[in-house]
There are 2 protein chains.
Amino acid sequence: MANIYDVAKAAGVSPATVSRVLNGARVSPDRAARVRAACAELGFRPNRVARGLRRQSSDVLGLIIADIENPFFTALARGVEDVARTAALSVVLCNADDDPEKEAAYLDVALAEHMAGVIISPASVTETDITQVLAKGIPVVAIDHSPESAQVDTVASDEERGAYAATCHLIEEGYRRIACITGPRESWAAVQRLRGFLRAHRECDPPRARPAVKYSDFRVRGGYRAMAELLDSAQPPDAVMVTNNLMAAGALEAMYDRDLRPPAIGVAAFGDAFWSHLVRPALTSVHQPAYEIGRAAAELVLRRRTSPDLDPQTVVLPTSLEIRDSSRRPS
Amino acid sequence: MANIYDVAKAAGVSPATVSRVLNGARVSPDRAARVRAACAELGFRPNRVARGLRRQSSDVLGLIIADIENPFFTALARGVEDVARTAALSVVLCNADDDPEKEAAYLDVALAEHMAGVIISPASVTETDITQVLAKGIPVVAIDHSPESAQVDTVASDEERGAYAATCHLIEEGYRRIACITGPRESWAAVQRLRGFLRAHRECDPPRARPAVKYSDFRVRGGYRAMAELLDSAQPPDAVMVTNNLMAAGALEAMYDRDLRPPAIGVAAFGDAFWSHLVRPALTSVHQPAYEIGRAAAELVLRRRTSPDLDPQTVVLPTSLEIRDSSRRPS
DNA sequence: CTGTTAGCGCCTTCAG
DNA sequence: CTGAAGGCGCTAACAG
């Protein structure tokens, strides 16, 4: 592969001039034209590794997500990409799989590759350590919540309120025993959504005590198991708030397997799924602006690249409750 | 950030020795211990950019996929990751969005970053150009089909036969006017699946002529539009073979909007979706071994890293037809 | 506006 | 087994 010296020789200029042409610095038109011709002729592609070493930075943005199979993150990824493109950054996705170890490995990559920025949905509030990356001056933006290791720009949707609204809706529909299937205890989102669920129980009139709560793993299978346990328990619920879309799919499956269907047992889910209105009855869900969250996160990265010393900012985007048939209690 | 010179100084050895410790070359135990202590002390992380420049290679594997929102690719990504981890490679996903330009940009990144390998689901049979990447010695493995620009290792599922089987099934059920909603003409997969669909029409007894065919875009919205046009046409079909899972979701939605439901109009889809048995009636579909395809692709990359001169190999994995209620014609 | 030069951090001969 | 030294390809000072 040709390098800038080859190009310089072919164009009859110095390597520095080639570099200038490549980077849009001022060069006389005829020399610039010669350089461009030589580049084309030799099929020259600038070596980003060398450039990265020299400039101590790259133009790829790392997006470290918890679960590649979750539509929330894939929609978010699109938002990130669309903004990143405007700044000529490439986006690479890293799937941490909710595993702090894998996540650490990818943070290492981001660090060692000197990425232009990192957007991360932390696998753990306590374990995720972003101090190294930050120390190298790489902007980090957190999705949902900042890890404890350092306070950084954060974009979140209003998890607690969304879950609260969905639960209130189930209460108003007249369901009596509402259970919650939520995610891992280490997950900030799981905890927030559970809090909203519990607050709705406290604040309704009359207040309700001790609703059933199942901790699961945000996966389809986990949702299935949790729902199965609830349904097979001594006092099964007559409605359930599921704190993510994948677990909701599993929960529905568990119901179908027992010939139970909403809204006999009411179901509301947190998060979107393009199949939520394909199932019958259609699934009530809390809409999360995933795409916009991605956009906002990418914009925060760009902002911090230009002004690194701003105070960490938190952007909270609203959720909205989309009521469909799965939660309309037959009277 | 500390570098190997700092570590060398702290450990009282030469930079070369530090490098040897880092890379597992033979070093006397006590010096090695001193080096490791110094690394820990200084929080030293080897700079991969510099290493990459020197070694002309990196340990990240690029996975360039057509659509991040398609569960087929996310399942495939897991297969790739699981194998890559065994070889201590990191996987980064790049979403080309079925756009040859974006794809070219990511191929550029792979080239410029000297990635350890590239697994790509080509956006276009003719336009995707992998010659540059190959010329730099980066192993490329194609999903579905090798681009015309160069013959490389390929992993595919048996698209044509899967579509053939699904179509035969619809024919056997007694559907008379079976339409096909397929993907872009540039997509190899779309073409193969359409071929299977057409072959089933030719080979059945008596042969059928001129089934309706809609070209769409493999997206939910595209599937919706295509199905809407079919249903609103003068001679609407009584069954439809949809060549991917996302378009199937859209097609179902278009039917629901018109109060039509399978199996009155039979539906069979190519590809899995975890919601396919949540919709009612459950969706007949051609199962594609996405995870295994990912594994196989990653294994081909690893194989070619060790033996670069083997002949290009094509691995074809079988599909299987999963018959559910959406295609069981009421008699 | 242009050319020369000195590294960015690491690995890898080559001597010892 | 160890250290010295050069260079991977590029860019940013510094002169001119």
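In what follows, every heavy atom counts, from backbone to side chain, and hydrogens, waters and symmetry copies are set aside. In what follows, chains are A, B, ... by sequence order, proteins preceding strands, each numbered from 1.
- Residues B:Ala66 and B:Asn95 come closest through the heavy atom pair O-OD1, 3.8 Å.
- Within 4.0 Å of B:Pro46, counting heavy atoms only, lie sugar-phosphate atoms of the nucleic acid but no base atom.
- For CD of A:Glu41, the number of neighbouring non-hydrogen atoms (other residues, nucleotides, ligands) closer than 6.0 Å is 12 at most.
- Near DNA chain D, defined here as any heavy-atom distance below 4.0 Å, the residues from residues 18-35 of chain A are A:Ser19, A:Arg20, A:Asn23, listed numerically.
- Heavy atoms only, all atoms of each residue included: B:Gln132 and A:Gly43 are closest at OE1-O, 4.3 Å.
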Q | Test salt bridge (charged side-chain N to carboxylate O under 4.0 Å, His left out) applied to B:Arg304 and B:Asp309, step by step | A | CA-CA 7 Å; B:Arg304 194 157 290 276; B:Asp309 298 322; over 6 Å; no
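- A:Pro122 and A:Thr128 get closest at one heavy-atom pair: CB-OG1, 3.8 Å.
- Protein chain B touches strand DNA chain D; the 5'-most and 3'-most nucleotides with an atom under 4.0 angstrom of its non-hydrogen atoms are D:dC1 to D:dG9.
- Taking 4.0 Å as the cutoff to heavy atoms of chain A, we find the contact window on DNA chain C bounded by C:dC1 to C:dG9.
- Using a 4.5 Å cut-off on side-chain heavy atoms (C-beta onward), A:Thr154 and A:Val141 make no contact.
- Residue B:Glu101 qualifies as open at atom CD: its count of foreign heavy atoms under 6.0 Å is 12 or below.
- Residue A:Pro184 comes nearest to A:Ala190 through the heavy atom pair O-CB, 3.4 Å, listed as atom of the first residue, atom of the second, then distance.
- Not counting sequence neighbours, the partners of A:Asp67 by the salt bridge (Lys or Arg N to Asp or Glu O under 4.0 Å) test are A:Arg219, B:Arg78.
- To the nearest 0.5 Å, atoms OG (B:Ser57) and CZ (B:Arg305) are separated by 7.0 Å.
- For the residue pair B:Gln288 / B:Ser157, a side-chain donor-acceptor distance below 3.5 Å is found, with atom types taken as modelled.
- Comparing the helix axis at one end of the helix from C:dC1-D:dG16 to C:dG16-D:dC1 with that at the other, each defined from 5 consecutive pairs, gives an inter-axis angle of 40° (nearest 10°).
- Residues B:Gln56 and B:Pro15 both approach DNA chain D. Their nearest nucleotides, taken by heavy-atom distance, put B:Pro15 toward the 5′ side.
- A ring-ring contact (aromatic ring centres under 6.0 Å, His included) check over residues 94-146 of chain A, counting only residues at least two apart or in different chains, returns the pairs A:His145-A:Trp188.
- Closest approach of B:Gly117 and B:Val301 over heavy atoms only: CA-CG1, 4.2 Å.
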